[in-house]
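Data block below; observations after.
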Amino acid sequence: MKKIVIAIFLLSTALFAQEFNASMKTYVQSLSVEAKKENPSFGGFDAKRGEAIFKSVHVSKKGKEISCATCHSNDLKQTGINVNTGKSITALAPSANPARLSDVKEVDKWLRRNFNDVFAREGSALEKGDVLTYIINQ
Ligand code: HEC
């Protein structure tokens, strides 16, 4: 009985957990090497910390309050809106939009731009890894 329960549990996590593709895995792996260099006690990326980063509110260069959720919404399965251009942004959650977090170049480019928009600086390896871990699980 116990074995069956474990088997069902493993099967359900395999079915529902989103995974990075091979190139994204390599990218996240390189972020973790960098994070470890910056802080030797680094023990892995964390979706909870990523969520806090995603939802934290900052004052932008334009003097407005902004967070990642301002454009991408608090529910990543929903369509967001680019507050700078008024254009809609398709859902960021890979479960709702499988094209998301699949292209390293795209992800790297937008993380750089978007961290600059919100934090007025680039994200650290730790911050980027945490936030990607949060998004992949949405
Ligand atoms: C001013 C609006 C805005 C803010 C704020 C913003 N984003 Fe974005 N983000 C965009 C736009 C626009 C795109 C590119 C268009 C698209 O992919 O639909 C994008 C794309 C992305 C992508 C690429 C996803 C992929 O695989 O295609 C990631 C990851 C991302 N944003 C994360 C973040 C994070 C993390 C933050 C907070 C640090 C953030 N965004 C804040 C507008 C924003």
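Quantities reported herein were computed from a predicted structural model and do not represent experimental measurements. Along the sequence shown, residues carry numbers from 1. Ligands are counted one by one from 1 in listed order, and the atoms in each one are counted from 1 as well.
Closest approach of S23 to V104, counting heavy atoms only: O-CG2, 3.4 Å. The two atoms that bring E19 and K25 nearest to each other are OE1-NZ, 2.7 Å, heavy atoms only.
The distance from ligand 1 to the heavy atoms of N82 drops below 4.0 Å at these ligand atoms: 1 (C), 2 (C), 12 (C). Below 4.0 Å from some heavy atom of V131 lie the following atoms of ligand 1, by number and element: 35 (C). Listed by number with element, the atoms of ligand 1 under 4.0 Å from a non-hydrogen atom of N84 are 1 (C). Near V107, with a cut-off below 4.0 Å to any heavy atom, the atoms of ligand 1 are 26 (O).
Looking at S73 and D75, their side chains never bring a donor and an acceptor atom within 3.5 Å of each other. Side chains of S95 and R100: a donor-acceptor N/O pair is absent below 3.5 angstrom, by distance only. Side-chain contact annotation: H58 with S56, donor-acceptor N/O pair under 3.5 Å present. Side-chain atoms of T70 and S67 include a donor-acceptor pair closer than 3.5 Å.
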Between K37 and E34, is the salt bridge (Lys or Arg N to Asp or Glu O under 4.0 Å) condition met? List the steps. CA-CA 5 Å; K37 255 189 234 160; E34 214 179 306; over 6 Å; no

Derivation and outcome, salt bridge (Lys or Arg N to Asp or Glu O under 4.0 Å), residues R113 and D117: CA-CA 6 Å; R113 283 196 194 174; D117 280 343; over 6 Å; no

Let's go through T90 and N97 carefully: what are the C-alpha distance in whole Å and the side-chain angles of both, what is the deciding distance for side-chain hydrogen bond (donor to acceptor under 3.5 Å, both in side chains) to 0.1 Å, and is it a yes or a no? CA-CA 8 Å; T90 53; N97 185 355; 3.2 Å; yes

Do F54 and H72 pass the side-chain contact (heavy atoms from CB on, under 4.5 Å) test, and can you show the C-alpha distance, the side-chain angles, and the key distance before you say yes or no? CA-CA 9 Å; F54 200 86; H72 291 294; 3.6 Å; yes

T133 and R49: CA distance, side-chain angles, deciding distance, side-chain hydrogen bond (donor to acceptor under 3.5 Å, both in side chains) verdict: CA-CA 9 Å; T133 303; R49 283 197 310 255; over 6 Å; no

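Counting only heavy atoms of the protein, atom 18 (O) of ligand 1 lies nearest to R100 NH2, 2.9 Å. For atom 42 (C) of ligand 1, the closest non-hydrogen atom on the protein side is I89 CD1, 3.6 Å. The protein heavy-atom contact nearest to atom 26 (O) of ligand 1 is L101 N, 2.8 Å. The closest protein non-hydrogen atom to atom 3 (C) of ligand 1 is C71 SG, 2.7 Å. At the shortest separation from atom 28 (C) of ligand 1 among protein heavy atoms lies L92 CD1, 4.0 Å. Atom 30 (C) of ligand 1 has N114 OD1, 3.4 Å as its closest protein atom, hydrogens excluded (heavy atom only). For atom 22 (C) of ligand 1, the closest non-hydrogen atom on the protein side is W110 CB, 3.7 Å. Nearest protein heavy-atom contact of atom 38 (C) of ligand 1 is C68 SG, 2.7 Å.
Heavy-atom distances between T70 and ligand 1 stay at or above 4.0 Å for every pair. Ligand 1 is never approached by D103 to a heavy-atom distance shorter than 4.0 Å. Heavy atoms of S67 come nearer than 4.0 angstrom to ligand 1 in at least one pair.
In I66, the part holding a heavy atom less than 4.0 Å from any atom of ligand 1 is the side chain.
Backbone or side-chain N, O or S atoms of H72 reach atom 8 (Fe) of ligand 1 at under 2.8 Å.
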